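Here the structure comes first, spelled out in structure tokens, and everything after it is commentary.
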Amino acid sequence: MNKFLENIFATKKFTNSKNQIIDIHSETNRGQCEYLQNIIKKNNFKSSIEIGFAYGISTLAITEEIVNNGGQHLVIDKFQNTGWGGNGIDLINQAGYSGKVAFYEEFCYVVLPTLLEKGMKFDFAYIDSTKQFDWLLVDFFYLDKILDLNGIIVFDDVDFPGIRKLLRYISQFPNYKIYSQFALYHPKEKPDKLNKLIRLLPYTDKLLKEEIIKTDFELGINSRAVALQKTDNDTRNWDWHVNF
Ligand SMILES: C[S@@+](CC[C@H](N)C(=O)[O-])C[C@H]1O[C@@H](n2cnc3c(N)ncnc32)[C@H](O)[C@@H]1O
């Protein structure tokens, strides 16, 4: 791992180019950064996109591995300068990756359609921004259209209710499969005998919460970070729907 990242994970701080000490927070932890790097390495991904820059920790981890593969990274964050003092950009520049990262200081719902219009394609995406269902559904809608076949989208913070609910929906898309999960939180959600019995009763789809009929465990999303792989183009019928 990059010496900047090694040092940051050891000290939880870094010195920016103005010689200010930046105490980091809200970052993707070391184990999860390694998880992202392993996915990129194993699949030889070369074109990545990320939403949520902050102090640039996951950005640096992704960029390091993408550049090792001869590729480039793109990151979107509306609040990089207003909320984070531009320190994410500063870290990327200090680490020597300024020419390898394109940065958009805008809301994702503004940037993503422009990338689609330009015909840009990506093979890896990491989402670590807002935790709101509707915002992230819009992000996923566009990311799906600019993601290459066999490309992978990783969602962070799947333990937040809005993101968990979104994952319950998109994990059931016929053209996506769960590639892997990081840091299992709720391994006990395997349906027990009683749960299985209840499901045999009539009208369960109307009487029971969807989370009981189909648990997060069964959907493969009972963790903090979930990687979904696009296995095919979207060929769903106009009236396609699943309960979630
Ligand atoms: C948890 S932090 C990201 C941490 C970063 N991935 C890391 O590992 O250091 C969340 C980031 O998302 C950004 N953000 C929140 N809502 C956003 C939105 N709608 N569009 C783009 N960025 C957003 C925030 O400004 C913040 O930088």
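Both counts, for ligands and for their atoms, begin at 1 and track the order of listing. This structure is a prediction, so every number in the text was calculated from the model and none was measured.
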Report, in ascending order of atom number, the atoms of ligand 1 lying under 4.0 Å from any heavy atom of [X].
{"X": "F107", "value": "19 (N)"}
{"X": "G52", "value": "3 (C), 5 (C), 6 (N), 11 (C), 12 (O)"}
{"X": "W84", "value": "24 (C), 25 (O), 26 (C), 27 (O)"}
{"X": "E27", "value": "7 (C), 8 (O), 9 (O)"}
{"X": "K78", "value": "21 (C), 22 (N)"}

Inset, instruction - Could you tell me whether D156 approaches ligand 1 through its side chain, its backbone, both or neither, with non-hydrogen atoms closer than 4.0 Å? - result: neither
Inset, instruction - Of the side chain and backbone of F53, name the one, both, or neither that has a heavy atom under 4.0 Å from an atom of ligand 1. - result: backbone
Legend entry - CA sep, side-chain torsions, deciding dist, call: Y109, Y142, side chain to side chain contact (heavy atoms under 4.5 Å, CB included): CA-CA 9 Å; Y109 65 82; Y142 283 106; 6.0 Å; no
Inset, instruction - Look at K145 together with E117 and state whether they make a salt bridge at an N to O cut-off of under 4.0 Å. - result: no
Inset, instruction - Compute the minimum heavy-atom distance from C108 to ligand 1 and say whether it is under 4.0 Å. - result: yes
Legend entry - Residue of the set Y55, F79, F53 for which ring pair (Phe, Tyr, Trp, His ring centres under 6.0 Å) holds with W84: Y55
Inset, instruction - Could you check if a side-chain atom of R224 sits within less than 4.5 angstrom of a side-chain atom of D156, using non-hydrogen atoms only? - result: yes
Inset, instruction - Examine the side chains of S180 and Y35 and answer whether a donor and an acceptor come within less than 3.5 Å of each other. - result: yes
Inset, instruction - Return yes or no for this condition: an N or O of Y55 is under 3.5 Å from an N or O of ligand 1. - result: no
Legend entry - Heavy-atom donor-acceptor pair, E218 side chain to T215 backbone, under 3.5 Å: yes
